[in-house]
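Written out below as structure tokens is the structure these notes cover.
If you read the sequence from its start, that first residue is 1, and numbering goes on from there. Side-chain atoms are counted along with the backbone in the values below, which use heavy atoms only and exclude waters and symmetry mates. The model shown is predicted, which means the values in this text are computed figures rather than measured ones.
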Amino acid sequence: MWRLSFAIPGFAQFWKASPQALLRRLSNPQFSKTFNMTPERLARIKQTLDTRQPDLCVLTDQVHKPRNLSAIIRSCDAFGLANMHVVWPREGFRAFRKTAGGSFNWVTTHTHRSMDEAVSHLKGQGHKLYAAQLSERAIDFRAADFTVPCTVIMGNEVDGVSPDAAARADEHIVIPMMGMVESLNVSAACAIILSEAQRQRQVAGLFDQRRLPDEEYERLLFRWCQPTVKRYCDDRNLPYPPLDPETGELVDGVGWMQEVRKLRANRPRWSDKAESLLEE
């Protein structure tokens, strides 16, 4: 559905401006959190994408504190994960997105309505599931094999991993404790486990070559290089315009904006739809 604003005051008036002015508005850091694309920044984006691990994930089981979720997704970014899965009502997830801040932009986060749905989805992708859970069958987390496609399940702050998810997990893992406390904060525990996963994958050479599928790599490259245009397209269900991978800039930003203006000018209006319905 088309909308008249881009969540930026005064943006609607720019539809009457030239395509060049529209493009300048889209890329102006004053009106969005877009970074100026420099060769150094582009190189860092590509280097990060080249080391992303598409088959290493975290699944949170009703972790409800926004600060914990925010810390977990930052850890996912820091240790090279491409995806994170969350079982959480969508209204709560929106609050998390605000709290996570910039870290949300660098990890693709998937929400699921239930743990059963999430577990079935990940098992369907061939993932081995490691539940961070103290039990009789739990093993030292360093003994787990994180070089295979796998997901780490982190339970909520009060009850831990749910019984059904724990039962379906392939392994239970624990972090050995030598102090007086019995457990770590969920976000701290997640960071420790992911650090070991990163170490194992580095030793195995899994960070030495790009592992993201081409389509996913190109999609993320556009989203990271052009966050303002990405948001504009997502809000209006538009396909992303071509991106020059050598510069991180749009191939023909002005031409693309002209096409967008044509689409908007020719879109069916409510009055036209109402007349059509009356005629029927």
Side-chain angles (χ1 to χ4, degrees), residues 1-3 5-8 11 14-15 17-57 73-74 76-86 93-94 96-98 100-111 125 207 209-264 267:
M1 180 180 292
W2 286 88
R3 288 186 282 180
S5 70
F6 180 50
I8 299 174
F11 183 77
F14 270 72
W15 282 112
S18 67
Q20 291 86 348
L22 283 168
L23 194 62
R24 285 197 300 271
R25 178 75 175 212
L26 280 174
S27 59
N28 190 341
Q30 179 182 355
F31 297 99
S32 72
K33 293 183 179 180
T34 304
F35 295 92
N36 292 325
M37 185 53 60
T38 63
E40 293 78 15
R41 180 169 179 79
L42 180 60
R44 182 176 179 182
I45 286 175
K46 289 183 174 181
Q47 181 183 27
T48 302
L49 287 173
D50 287 344
T51 57
R52 277 297 193 245
Q53 302 293 297
D55 57 354
L56 173 62
C57 301
I73 199 169
R74 285 199 298 270
C76 289
D77 173 43
F79 293 112
L81 278 64
N83 298 282
M84 173 177 166
H85 295 261
V86 179
F93 185 65
R94 290 195 196 99
F96 154 61
R97 289 181 64 172
K98 294 178 182 178
S103 58
F104 178 82
N105 298 319
W106 313 118
V107 179
T108 302
T109 309
H110 312 268
T111 58
Q125 292 186 333
F207 287 97
Q209 58 183 1
R210 196 179 91 192
R211 304 188 64 239
L212 283 174
D214 290 344
E215 183 177 351
E216 178 72 358
Y217 177 91
E218 293 169 3
R219 182 183 71 86
L220 291 175
L221 181 64
F222 183 92
R223 293 166 70 95
W224 292 10
C225 289
Q226 296 290 332
T228 305
V229 179
K230 169 261 177 191
R231 180 181 173 185
Y232 181 84
C233 292
D234 289 350
D235 283 351
R236 291 157 179 79
N237 197 28
L238 293 171
Y240 295 154
L243 182 82
D244 183 351
E246 299 303 319
T247 63
E249 303 293 347
L250 300 184
V251 172
D252 182 12
V254 172
W256 169 73
M257 185 55 69
Q258 289 174 334
E259 291 300 316
V260 169
R261 292 190 71 184
K262 289 179 183 177
L263 284 172
R264 183 178 181 276
R267 79 191 192 284

OG1 on Thr48 to CH2 on Trp224, rounded to 0.5 Å: 5.5 Å
Close side-chain approach of Val260 to Tyr232, heavy-atom, < 4.5 Å: yes
For the student: nearest non-hydrogen atoms of Pro241 and Cys233, plus distance: CD-SG, 3.9 Å
Euclidean distance, Leu250 CG relative to Leu243 CG, rounded to 0.5 Å: 6.5 Å
Distance (rounded to the nearest 0.5 Å) between Leu220 CG and Lys46 NZ: 14.0 Å
Arg44, CZ: over 12 other non-hydrogen atoms inside 6.0 angstrom: no
Rounded distance (nearest 0.5 Å) linking atom CE of Met84 with atom OG1 of Thr108: 12.0 Å
4.5 Å side-chain heavy-atom contact, Asp50 and Arg210: yes
Ring geometry between His110 and His85 (parallel below 30°, tilted from 30 to 60°, perpendicular above 60°): parallel
Closest non-hydrogen atom pair, Leu212 against Ala82: CD2-CB, 4.1 Å
ring-ring contact (aromatic ring centres under 6.0 Å, His included) partners of Tyr240, counting only residues at least two apart: Phe222
Shortest non-hydrogen contact from Arg211 toward Arg52: CB-O, 4.1 Å
Reported CG-to-CD distance for the pair Leu221 and Glu218, which is rounded to 0.5 angstrom: 8.0 Å
Atom pair NZ (Lys230) and CG (Asn105), whose distance is rounded to the nearest 0.5 Å: 7.0 Å
Check: Pro242 main-chain N/O paired with Trp256 side-chain donor or acceptor under 3.5 Å: no
Sidechain-backbone polar pair: Glu216 side chain, Asp214 backbone, donor-acceptor under 3.5 Å: no
Minimum heavy-atom distance between Asn83 and Pro54, given as atom pair plus value: ND2-O, 3.9 Å
